[in-house]
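Reading through the structure tokens given below for one structure.
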Amino acid sequence: MYDMLSGMKNLLIAPLPFLLALGAGLAQSQSTAPASVQTAAGSGALSPCTPQKPMDVLTHRNNNFRTGANQDETCLTPDNVNARTFGKLFMLSVRGQVYAQPLVVTNLEIHGQERNVLYVATMENWVYAFDADGRLDAKGSRDPLWETPLGEPLPVNRIPRDLGAALGRFNIEPFVGITSTPVIDRETNTIFLVAKIAPITRPEVTCDGEVATPDCPVMNKIFALDLRTGHVHDSQEIRLPPPESSQIDQGCGLVDARKTSSMDAARINLQRPALLFSKGRIYLGFGSHQDAPCPMYHGMLIAFDFDKTTRKLRQFGDPFMVSRAGETDTGINLDPTKLGKGGIWQAGNGPAADEDGNVYVMTGNGSFEQGKQFGGNLVKLSPDLKKVEWFAPANVNMLNADALDIDLGSSGPVLLPGSDEVVGGGKQGRLYLVKRSAPGGLQRHGWPHDHTGPPIQFFYAAHRWQPEFLYGWFPISLFAFATGYHHIHGAPAFWGEPDSAGILQRGSLYIWPERDHLKAFSYKKTSPDKDGEFTPKPSATGPKGGLGMPGGFLSISAHRMENGILWAALPMHDDAWIDIVRGALRAFKISPDGNTLSPLWTSYCAEPQDRYNFAKYVPPTVANGKVYLATFSGVVNVYGLRTAGPSRDAGAKEPGCKVSDFMMEPNYGKTNKAARAHAR
């Protein structure tokens with residue numbers, strides 16, 4: 001599921017002294033500044049544009065279809081997003097790394113004043129509300145309007161260990177707290193979120209590195225907070241199925257000798273995907289930490305109801321289980337029905353929902369048994385999680401093979417508005433276009449090509465497998481076959497609008513796989529009685545990403561089908577598989593037909609001093625003339641329109657400047673690489 005090969009890779013490189021020395025040199029502590037506001041030099045002025053229609057961003061990637069598109073943006077256009085009139089306005093400081101996409105609520109009264117509000121959640125279990133427009137308070141600062149701590153986060157050395165973690169190379173470091181993007185119900189002015197909490201019950205007890213025990217408990221809790229005050233209306237511990245009975249009081253060999261406890265469910269399972277709020281119900285997806293197979297995990301989807309009158313949460317029914325508990329073999333086996341696993345992680349992308357409240361997820365590598373276990377599937381669930389429909393690629397057993405690390409669940413589904421279609425892809429680099437009303441089950445295998453019907457269409461959106469020499473030091477691909485794949489992590493962003501009859505006729509889809517080019521694919525419906533399809537070859541191609549993981553994370557701003565801009569958050573150059581690295585924000589002009597990908601603005605070109613650590617898997621939030629960007633530097637960056645001036649013109653470079661120019665700086669390696677590890 002997650003990049004489990006990181007453990008094997010670390011096993012290979014750990015004994016090399018020069019790499020250990022390098023790693024030590026790169027391991028700087030993360031910024032965890034107090035919640036005061038840092039202001040960029042020369043900023044402070046409000047954005048010189050008033051949006052025609054203030055837009056909320058209440059959920060991950062803008063809507064429950066997960067298109068990643070805000071089609072009511074009236075301030076930002078391809079004409080004004082340039083180095084003269086667009087740039088960094090200010091920074092908002094928080095405690096901890098930001099793995100959750102920031103959310104926006106407009107025209108909300110706080111402290112007796114109506115304002116636009118930005119909500120930020122961190123891995124140290126703090127939740128913040130900021131003035132989204134950066135207005136200064138009476139003290140002349142941009143301090144939070146409110147801030148609420150939700151409990152002690154889990155130290156990363158307590159999670160289950162894979163090979164990488166056993167060598168001290170954690171995928172999240174130093175804490176696991178609020179990892180998923182919250183969701184907001186505007187009707188009740190409530191924000192829902194999930195935090196992993198490890199409360200300190202007795203100060204004299206040391207829980208460092210321990211499994212869950214009565215003295216050292218671990219829990220996943222869901223919270224309902226008031227948007228205006230941060231007051232906790234309610235919180236509930238999430239009931240998870242217990243660990244495999246055969247593993248309780250047993251260790252996991254040399255990799256993890258700690259004995260699994262009966263209380264370990266919350267320690268084993270990670271609530272990674274963004275929350276979904278649909279038809280009054282909240283949905284939570286679960287996967288694993290680092291894909292560690294022992295103690296065994298099982299992917300699941302859990303639902304909660306929220307009573308609008310009492311403001312109380314209640315866990316609904318039984319969870320949907322991707323794989324069946326109690327029948328898994330933790331040894332090396334080739335039985336596709338006994339793999340367990342099947343995490344729902346989707347690189348942080350949330351489950352999608354259609355107009356009827358049906359829920360869609362894509363699952364990681366795990367047990368597959370037609371209609372019974374759903375590893376490597378696109379799954380459609382009824383709102384009560386009881387009716388299950390599914391689609392599996394013809395090579396599903398290959399996708400579920402641990403050794404290849406090419407699971408289908410690394411991206412997440414996107415529903416196309418005005419159609420009966422859902423699209424999604426995974427680490428093999430293929431996109432699958434599937435009929436929502438009839439996902440179709442198992443795709444038929446064929447030679448030289450697998451069949452359609454199902455799916456409607458499938459094609460490679462990423463470069464096909466090829467041997468690669470990563471990092472320029474040694475051929476990783478000779479050790480791990482899977483490194484030749486160009487994984488899709490960021491879910492595709494889709495720009496399209498149904499016609500007057502409510503039918504989607506055309507549109508464009510954008511994707512940026514790892515170690516590959518940014519690409520656009522045109523969508524067209526050619527006949528009323530046929531499903532629309534994408535051009536299987538890119539209609540436009542943009543720049544290539546950096547050395548390695550994870551590719552680009554995309555958002556779209558447009559005014560309906562005009563003034564389209566594609567925004568991309570990605571590493572500036574370095575591989576973010578293991579290290580936290582310098583990030584970049586890029587903007588491109590796009591067209592409805594998908595034939596345009598023209599660079600408009602690049603952070604490191606327009607503002608070389610804009611140095612921050614890339615927040616893995618987090619797309620930019622674009623609303624009301626501003627772009628909000630999460631970072632791993634203890635801040636949220638805010639960009640927007642500003643008055644043009646000669647000083648800005650003199651220092652600005654073209655949007656297509658070469659990243660290699662900045663790599664030649666003497667302090668590049670020292671200032672841009674930060675603490676080890678990154679988000680999963």
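Note that this is a predicted model, so its numbers are computed, not measured. Side-chain atoms are counted along with the backbone in the values below, which use heavy atoms only and exclude waters and symmetry mates.
Taken from CD1 in Ile248 to CE in Met263, the straight-line distance is 11.5 Å, to the nearest 0.5 Å. Between the OG1 atom of Thr190 and the NE2 atom of His231 there is a distance of 10.5 Å, given to the nearest 0.5 Å. Once rounded to the nearest 0.5 Å, the distance linking CZ of Phe304 with CD1 of Ile282 reads 8.0 Å. Distance check, rounded to the nearest 0.5 Å: CD of Gln236 to CZ of Arg314 gives 10.5 Å. Distance CZ/Phe316 to CZ/Arg281: 4.0 Å, rounded to 0.5 Å. Rounded to the nearest 0.5 Å, atoms CG (Leu275) and CD1 (Ile184) are 11.5 Å apart.
Within the 3.5 Å criterion, the main-chain N or O of Thr631 finds no donor-acceptor partner in the side chain of Ser633. Between the side chain of Gln271 and the main chain of Gly285, a donor-acceptor pair closer than 3.5 Å is present. In terms of modelled atom types and a separation under 3.5 Å, the side chain of Asn70 and the main chain of Val622 share a donor-acceptor contact. A donor-acceptor contact shorter than 3.5 Å links the side chain of Thr363 to the backbone of Phe374. Thr181 places a side-chain N or O within 3.5 Å of a backbone atom of Gln101 that can act as its donor or acceptor partner. With hydrogens and angles ignored, the 3.5 Å screen pairs a side-chain donor or acceptor of Ser323 with a backbone N or O of Lys341. Gln315 places a side-chain N or O within 3.5 Å of a backbone atom of Arg239 that can act as its donor or acceptor partner. With hydrogens and angles ignored, the 3.5 Å screen pairs no side-chain donor or acceptor of Thr179 with any backbone N or O of Arg272. No side-chain donor-acceptor contact under 3.5 Å links Asn64 to the backbone of Ala353. Under the 3.5 Å distance criterion, the side-chain polar atoms of Arg158 are matched with a main-chain donor or acceptor of Glu210.
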Checklist entry - Going through the distances and angles, do Tyr297 and Leu270 end up as a side chain to side chain contact (heavy atoms under 4.5 Å, CB included)? => result CA-CA 10 Å; Tyr297 67 90; Leu270 175 63; over 6 Å; no

Checklist entry - For Lys427 and Asp405, what are the C-alpha separation, side-chain angles and deciding distance, and is it a salt bridge (Lys or Arg N to Asp or Glu O under 4.0 Å)? => result CA-CA 7 Å; Lys427 292 182 182 177; Asp405 190 31; 2.8 Å; yes

Checklist entry - Taking it one step at a time, do Asp215 and Arg202 satisfy salt bridge (Lys or Arg N to Asp or Glu O under 4.0 Å)? => result CA-CA 7 Å; Asp215 286 336; Arg202 294 164 51 194; 3.1 Å; yes

Next on the checklist: With side chain to side chain contact (heavy atoms under 4.5 Å, CB included) as the criterion, how do Val414 and Arg61 come out once you've worked through the C-alpha distance, each side chain's angles and the decisive distance to 0.1 Å?
Outcome noted: CA-CA 10 Å; Val414 176; Arg61 306 191 80 234; 3.8 Å; yes

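Counted by atom type alone, Asn116 and Thr106 present zero donor-acceptor pairs between their side chains at under 3.5 Å. Looking at Ser141 and Asp143, their side chains do bring a donor and an acceptor atom within 3.5 Å of each other.
Counting heavy atoms from C-beta outward, Pro383 and Ser278 have side chains that stay 4.5 Å or more apart. Side chains of Leu301 and Leu385 form a contact here, defined as non-hydrogen atoms less than 4.5 Å apart. Put simply, the side chain of His60 reaches to within 4.5 Å of the side chain of Pro619, judged on heavy atoms. Under the 4.5 Å side-chain criterion, counting only non-hydrogen atoms from C-beta, Val183 is not in contact with Leu276. Counting heavy atoms from C-beta outward, Thr122 and Tyr128 have side chains that approach closer than 4.5 Å. When side chains are defined from C-beta on, Cys252 does not count as touching Arg161, because their heavy atoms never get closer than 4.5 Å. For the pair Pro413/Gln346, a side-chain contact is recorded, criterion being any heavy-atom separation below 4.5 Å from C-beta on. Within the 4.5 Å cutoff, the side chain of Leu240 has heavy atoms near those of the Ile302 side chain.
Between Phe192 and Phe306, the ring planes lie perpendicular to each other; the angle is over 60°, past the 30° to 60° tilted range. Note on ring orientation: taking the six-membered ring where Trp is involved, the planes of His489 and His487 are perpendicular (angle over 60°, cut-offs 30° and 60°).
No more than 12 heavy atoms of other residues, nucleotides or ligands lie within 6.0 Å of CG in Asp318, so this atom counts as exposed by the packing criterion.
Of all heavy-atom pairs between Ala576 and Pro571, the closest is CB-CG, 4.2 Å. Among all heavy-atom pairs drawn from Val156 and Glu173, the shortest one is CG1-CG, 4.1 Å. Nearest heavy-atom pair across Gln290 and Ala165 is NE2-CB, 3.5 Å. Nearest heavy-atom pair, Ala274 versus Pro351, reported as atom, atom and distance to 0.1 Å: O-CD, 3.2 Å. The two residues Phe170 and Asn157 have their closest heavy-atom pair at CZ-CA, 3.9 Å. Residues Arg66 and Ala352 come closest through the heavy atom pair CG-CB, 3.9 Å.
Taking the ring centroids of Tyr99 and Tyr617, they lie at or beyond the 6.0 Å cut-off.
Residues passing the salt bridge (Lys or Arg N to Asp or Glu O under 4.0 Å) test with Arg311, sequence neighbours excluded: none.
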